[in-house]
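Note sheet for the following structure.
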Amino acid sequence: MDNNSENSSTNHSNNIVWHESRVSPEFRQEVFGQQGSTLWFTGLSGSGKSTLAFTLEHMLVQEKFKSYVLDGDNIRHGLNNNLGFSDADREENIRRVGEVSKLFADAGLIVLSSFISPFKKGRQLVRKIHEDAGLNFLEIFIDTPLAVCEERDPKQLYAKARRGEIPHFTGISSPYEEPDDAEIIIPVSNSPEKSSQQVLEYLKQHKIIKS
Ligand SMILES: Nc1ncnc2c1ncn2[C@@H]1O[C@H](COP(=O)(O)OP(=O)(O)OP(=O)(O)O)[C@@H](O)[C@H]1O
Ligand SMILES: [Mg+2]
């Protein structure tokens with residue numbers, strides 16, 4: 001892993017120095033019994049990202065794996081409470097949570113990041129942040145059609161957006177760019193439990209967690 005020159009082009013100071021950990025990724029992996037990784041859940045509002053991420057987190061921790069959900073709404077309560085939904089703020093939202101996901105994955109966790117993340121560019125940036133650090137990154141597309149999300153509308157956001165009360169609402173007044181490089185696609189017909197099981201099997205098959 002070469003973090004030394006990381007972000008050098010965007011650093012605002014020349015007086016900071018990267019400190020290398022004494023814990024190698026291999027040793028951390030051996031001690032934790034898992035490969036720190038980010039699973040990135042993307043899809044429309046109401047598609048089922050949070051439901052799946054929290055179901056899977058529960059399943060993983062019950063099996064004694066170390067996992068944690070970073071959820072869009074929760075992060076906007078804290079770290080990103082100064083950001084709105086303009087294109088620039090959405091970009092910064094994803095950049096920050098991408099960096100936090102990377103840190104958690106580097107710490108050895110199975111990070112379940114649940115963000116609409118509508119733009120390919122943002123998701124590609126987050127993938128690159130992980131790949132440059134030698135960390136696993138899996139994009140999981142919750143392929144629930146707009147009509148189904150709008151029918152569910154648990155937060156009544158689509159209704160508000162249709163009335164013009166929410167500007168830049170993904171799927172209504174702002175685009176959602178479907179991934180074409182997702183590692184896993186979740187069909188709308190799946191229950192959250194079935195999808196969690198499917199992702200768990202994927203993690204075991206790829207030796208990210210022990211069978
Ligand atoms: N697999 C599923 N089958 C049927 N209903 C589901 C499924 N997954 C989630 N739901 C329901 O869909 C609604 C939206 O789910 P959820 O809150 O997980 O979406 P989300 O993608 O996280 O949305 P947001 O981006 O707004 O946070 C909830 O009412 C949830 O119970
Ligand atoms: Mg959610």
Side-chain angles (χ1 to χ4, degrees), residues 38-62 67-87 89-98 100-101 104 109-123 126 137-179 182-203:
T38 293
L39 279 54
W40 189 272
F41 298 86
T42 175
L44 291 166
S45 177
S47 58
K49 301 179 295 298
S50 301
T51 307
L52 174 53
F54 282 107
T55 306
L56 179 60
E57 180 195 46
H58 191 208
M59 221 177 244
L60 281 164
V61 175
Q62 277 180 324
S67 181
Y68 190 73
V69 175
L70 296 176
D71 189 75
D73 279 4
N74 295 1
I75 296 283
R76 279 180 181 275
H77 275 91
L79 177 67
N80 289 354
N81 67 5
N82 62 334
L83 299 177
F85 290 88
S86 66
D87 284 4
D89 276 8
R90 280 176 190 265
E91 198 178 319
E92 176 59 10
N93 181 46
I94 296 306
R95 189 195 68 79
R96 281 188 208 167
V97 294
V100 174
S101 300
F104 278 25
L109 295 180
I110 308 294
V111 190
L112 309 178
S113 301
S114 159
F115 299 91
I116 297 173
S117 45
F119 301 120
K120 280 184 184 169
K121 195 177 145 208
R123 298 193 302 262
V126 178
F137 180 82
L138 308 177
E139 201 169 321
I140 302 178
F141 174 38
I142 317 295
D143 190 8
T144 307
L146 176 63
V148 175
C149 298
E150 196 164 359
E151 175 72 28
R152 290 178 182 168
D153 207 7
K155 305 175 192 167
Q156 287 296 293
L157 296 177
Y158 285 96
K160 278 191 193 168
R162 287 285 183 200
R163 292 197 299 268
E165 293 167 16
I166 309 177
H168 311 293
F169 194 76
T170 302
I172 306 294
S173 46
S174 186
Y176 177 79
E177 298 172 359
E178 289 194 3
E183 276 75 7
I184 303 176
I185 299 175
I186 304 291
V188 63
S189 52
N190 269 20
S191 70
E193 289 71 26
K194 185 176 173 192
S195 302
S196 297
Q197 203 59 52
Q198 186 186 331
V199 179
L200 201 72
E201 288 307 316
Y202 183 102
L203 297 179

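Nothing fancy with the numbering, it's 1 onward along the sequence. Every number for a ligand or one of its atoms is a count from 1 in the order of the listing. On a predicted model such as this, the values are computed, not experimentally measured, just so you know.
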**Prompt:** How far is atom 23 (O) of ligand 1 from its nearest protein heavy atom, and which residue and atom is that?
**Reply:** Gly46 N, 2.8 Å
**Message:** So for ligand 1, is Ser191 a polar contact partner (N or O within less than 3.5 Å, distance only)?
**Reply:** no
**Request:** Determine whether any heavy atom of Leu44 lies closer than 4.0 Å to an atom of ligand 1.
**Result:** yes
**Request:** Using a cut-off of strictly less than 2.8 Å, determine whether Ser50 has an N/O/S atom near the Mg ion (ligand 2).
**Result:** yes
**Request:** Classify the contact between Val188 and ligand 1 as side chain, backbone, both or neither, using a heavy-atom distance cut-off of under 4.0 Å.
**Result:** neither
**Asked** Looking only at protein heavy atoms, which one is nearest to atom 19 (O) of ligand 1, and how far off is it?
**Response** Gly48 N, 3.1 Å
**Complete:** Honestly, for Arg152 the part within reach of ligand 1 (heavy atoms, under 4.0 Å) is side chain
**Request:** Number the atoms of ligand 1 from 1 as they appear, then name those within less than 4.0 Å of a heavy atom of Ile116, with their elements.
**Result:** 25 (O)
**Message:** As an exercise, identify every atom of ligand 1 less than 4.0 angstrom from a heavy atom of Lys155.
**Reply:** 24 (P), 26 (O), 27 (O)
**Asked** Among protein heavy atoms, which lies nearest atom 26 (O) of ligand 1, and at what distance?
**Response** Ser45 OG, 2.6 Å
**Prompt:** Can you check whether Leu157 has an N/O within less than 3.5 Å of an N/O in ligand 1?
**Reply:** no
**Asked** Under 3.5 Å, is there a donor-acceptor pair between the side chain of Arg76 and the main chain of Gly84?
**Response** yes
**Request:** Pick, from Ser47, Pro192, Pro154, the option with the minimum heavy-atom distance to atom 13 (C) of ligand 1.
**Result:** Pro154
**Request:** May I ask you to identify the nearest protein heavy atom to atom 9 (C) of ligand 1, giving residue, atom name and distance to one decimal place in Å?
**Result:** Thr51 OG1, 3.4 Å
**Message:** Would Ser114 count as being in polar contact with ligand 1, using the rule that some N or O on each side must be under 3.5 angstrom apart?
**Reply:** no
**Asked** Less than 6.0 Å separating the ring centroids of Phe85 and Phe169?
**Response** no
